[in-house]
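Working notes, structure below.
Keep in mind that this is a model prediction, so the values were computed, not measured. Below, all heavy atoms of this structure are taken into account, side chains as well, without hydrogens, waters or symmetry copies. So that the names make sense, note that chain A is the first sequence line, chain B the second, and so on, each numbered from 1.
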Amino acid sequence: MPRSPSPSPPAGQPSTASDAGDAVKAIYVFANEKGGMTDINRGKINEIIAQLSQSSAYTAKLLKSDRRVDETVALLQQKLQRSDEGARRSAAAVVARQVAALEASRRADRCCAVIDFDMFYAAVEIRDRPELADKPVAVGGIGMISTANYVARRWGVRSAMPGFIGQALCRQLVFVRPDFAKYTAVAEVARAIFREYDPKMTAGSLDEAYLDLTDHLHKRARDGGGGGAGDDSGDCDGGGEGERRGTALTGEALGELAGEVVGEIRARVKEATRGLTTSAGIGPNFLLAKIAADVRKPDGQFCTGWSREAVLSFLAPLPVRKVPGVGRVMEKARARKDGAASAVCELLSRAAEARLLFTPGSADSLLRKSLGWEEGGREEAAGEALQKGISCERTFRPTGDEAELGETLRRLCASLAEEMAARQLRGRTVTLKMKTSDFDLLTRDSSAARPVGAAEELQARAVMPLTVAD
DNA sequence: ATACATACC
DNA sequence: GACTGGTATGTAT
């Protein structure tokens with residue numbers, strides 16, 4: 001057994017992380033990820049991760065893609081240098097106009113909430129095996145961890161971290177196999193409750209729900225405080241907009257009532273799921289509610305407020321990475337000159353730059369988000385959004401054996417076809433996705449004249465592009 | 001239409 | 001030795 005030094009968290013003194021070198025950079029996302037505790041021993045953690053990652057094909061691939069991103073960012077910077085005074089001025093003018101227009105239309109009459117379970121999979125497993133409660137637990141396997149409980153997080157174990165690294169960080173780490181059927185059942189219990197408050201609630205994933213509470217809050221205000229969600233059969237039939245809104249229930253009043261209601265929802269969910277906790281965000285739209293849901297995690301809730309001042313003072317200091325849609329790459333592209341990640345206020349103050357660098361759509365999107373506006377202002381396109389794609393993928397041992405690859409493809413197509421049949425879905429474009437042992441991802445697709453769904457059709461379509469090229 | 005990148009959980 | 005799987009969307013050609 002390799003006797004790797006464990007960071008030993010609970011008693012461990014906050015060793016000031018020797019801000020690790022280059023090799024660490026690529027995977028430093030793990031030790032940094034949100035949701036973690038204060039980083040005790042981060043230096044140690046990074047060291048172990050770096051050690052295990054160096055010379056792996058995966059790390060090589062990450063470094064390569066990192067370099068590519070750096071090149072792109074450098075190109076953007078050049079582009080900015082070369083831009084002339086006129087272009088800059090007109091970009092600034094456009095931004096100023098947009099900001100004014102957006103501010104003029106800030107609304108205070110809507111209330112959204114995002115509710116998600118804390119360390120969902122792990123919480124379910126620990127609920128069912130209470131002896132795990134004070135142990136470090138990871139749901140997943142040696143290949144990949146999907147959720148870690150808070151005890152494990154103190155050792156630096158994170159979601160989306162490969163299991164063998166988790167194990168090196170914490171040798172007592174208990175692995176539990178995921179049981180998706182069970183999580184789906186639990187999620188359904190919660191969703192039934194959510195629907196009492198918003199029949200049109202949507203699910204972001206198994207453990208995350210988006211609720212527009214506006215109608216419910218008005219109903220509450222009208223009918224007087226009382227408990228319960230109002231027997232759903234009662235007065236919320238399909239009519240839609242019909243609710244009279246006599247009360248001027250806006251802004252902070254909306255938020256105050258929403259706080260109570262969300263507290264009630266979370267208590268009911270906890271009760272109905274035998275103790276599972278949730279965190280929630282409340283705000284004037286889903287974007288803000290979503291960001292706010294991260295603030296009081298675990299087992300808490302936070303409301304952004306409705307006024308421009310409240311919203312901006314909430315958003316301004318946040319790292320841009322907290323904004324949904326801004327990932328590793330955009331964070332880097334918008335980083336400050338000294339390389340440090342920008343805060344949302346800098347996104348805003350440099351909005352004109354973004355307009356010069358990105359497509360108008362991307363620039364708009366960034367600007368809207370940095371002002372706390374929901375993307376696209378989508379008023380729900382009537383019908384429930386139809387599914388755009390369906391897929392089935394598996395990672396397996398590298399092989400060059402064509403028969404073996406063919407058999408794998410056959411199995412994948414068969415299970416995909418089964419799933420499509422069950423959900424009554426078909427599709428016109430079939431994409432074959434391949435991953436090499438170097439972690440290079442390739443896709444090849446071909447579109448049919450009419451939708452297909454049968455296993456044989458999928459398989460035939462999948463190999464079609466291969467026979468032509470390569 | 002195709003290929004690939006990015007992002008989220 | 002081991003670094004997921006499912007879905008959506010953006011960008012370039």
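- Side-chain atoms of A:S279 and A:D118 include a donor-acceptor pair closer than 3.5 Å.
- The nucleotide whose nearest atom lies closest to any side-chain atom of A:S447 is, among C:dT4, B:dA1, C:dA2, B:dA1.
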Check the pair A:C170 / A:V151 against side chain to side chain contact (heavy atoms under 4.5 Å, CB included), numbers first and verdict last.
CA-CA 10 Å; A:C170 170; A:V151 181; over 6 Å; no

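- With B:dC9, C:dG6, B:dA3 as the candidates, the nucleotide lying closest to the side chain of A:E393 is C:dG6.
- The side chain of A:M330 approaches B:dA7 more closely than any other nucleotide in the set B:dC4, C:dC3, B:dA7.
- Looking at A:R355 and A:Q98, their side chains do bring a donor and an acceptor atom within 3.5 Å of each other.
- Nearest-nucleotide assignment on DNA chain C puts the 5′-proximal partner with A:K433, out of A:K433 and A:G361.
- With distances taken from any side-chain atom of A:T395 to the nucleotides C:dG5, C:dC3, B:dA3, the minimum falls on C:dG5.
- Between the C1' atom of C:dA8 and the CZ atom of A:F286 lies a distance of 18 Å, rounded to the nearest Å.
- Using atom C1' as the reference point in both C:dT4 and B:dA7, the two lie 15 Å apart (nearest Å).
- At a cut-off of 3.5 angstrom, counting only N and O atoms as typed in the model, there is a donor on one side and an acceptor on the other between the side-chain of A:S53 and the base of C:dC3.
- Comparing C:dA2, B:dT6, C:dG5 by their closest approach to the side chain of A:R68 singles out B:dT6.
- Tested against A:D116 for a salt bridge (Lys or Arg N to Asp or Glu O under 4.0 Å), the candidates A:R266, A:K297, A:R296 yield a single pass: A:K297.
- Closest contact between the side chain of A:Q387 and the listed nucleotides B:dA3, C:dC3, C:dT7 involves C:dT7.
- Residue-level contact check: A:T429 touches neither bases nor backbone, having no heavy atom under 4.0 Å from any strand.
- Nearest-nucleotide positions on DNA chain C for A:R397 and A:K388 put A:R397 closer to the 5' end.
- Heavy atoms of A:K332 sit nowhere under 4.0 angstrom from any nucleic acid atom.
- Applying the 4.0 Å criterion to OP1 and OP2 of C:dT7, one finds that A:S391 has a side-chain N or O inside that range.
- The side chain of A:R328 has B:dA7 as its nearest neighbour among B:dA7, C:dT4, B:dT6.
- Using cut-offs of 30° and 60° on the angle between ring planes, the pair A:Y121 and A:F180 is perpendicular.
- C:dG6 atom P lies 11 Å from atom OH of A:Y121, rounded to whole Å.
- Following rounding to the nearest Å, A:E208 (CD) and B:dA7 (P) show an atom-to-atom distance of 17 Å.
- Atoms CZ (A:R321) and P (B:dC8) sit 6 Å apart, rounded to a whole Å.
- Checking the phosphate oxygens (OP1, OP2) of C:dT7, a side-chain nitrogen or oxygen of A:R423 falls inside 4.0 Å.
- At whole-Å resolution of the value, NZ in A:K435 and P in C:dG5 are 7 Å apart.
- Rounded to a whole Å, the CZ atom of A:F396 is 14 Å from the C1' atom of C:dG5.
- An OP1 or OP2 oxygen of B:dC4 is reached within less than 4.0 angstrom by a side-chain nitrogen or oxygen of A:T443.
- Mapped onto DNA chain B by nearest heavy atom, A:S205 and A:R428 fall at different nucleotides, with A:R428 at the one closer to the 5' end.
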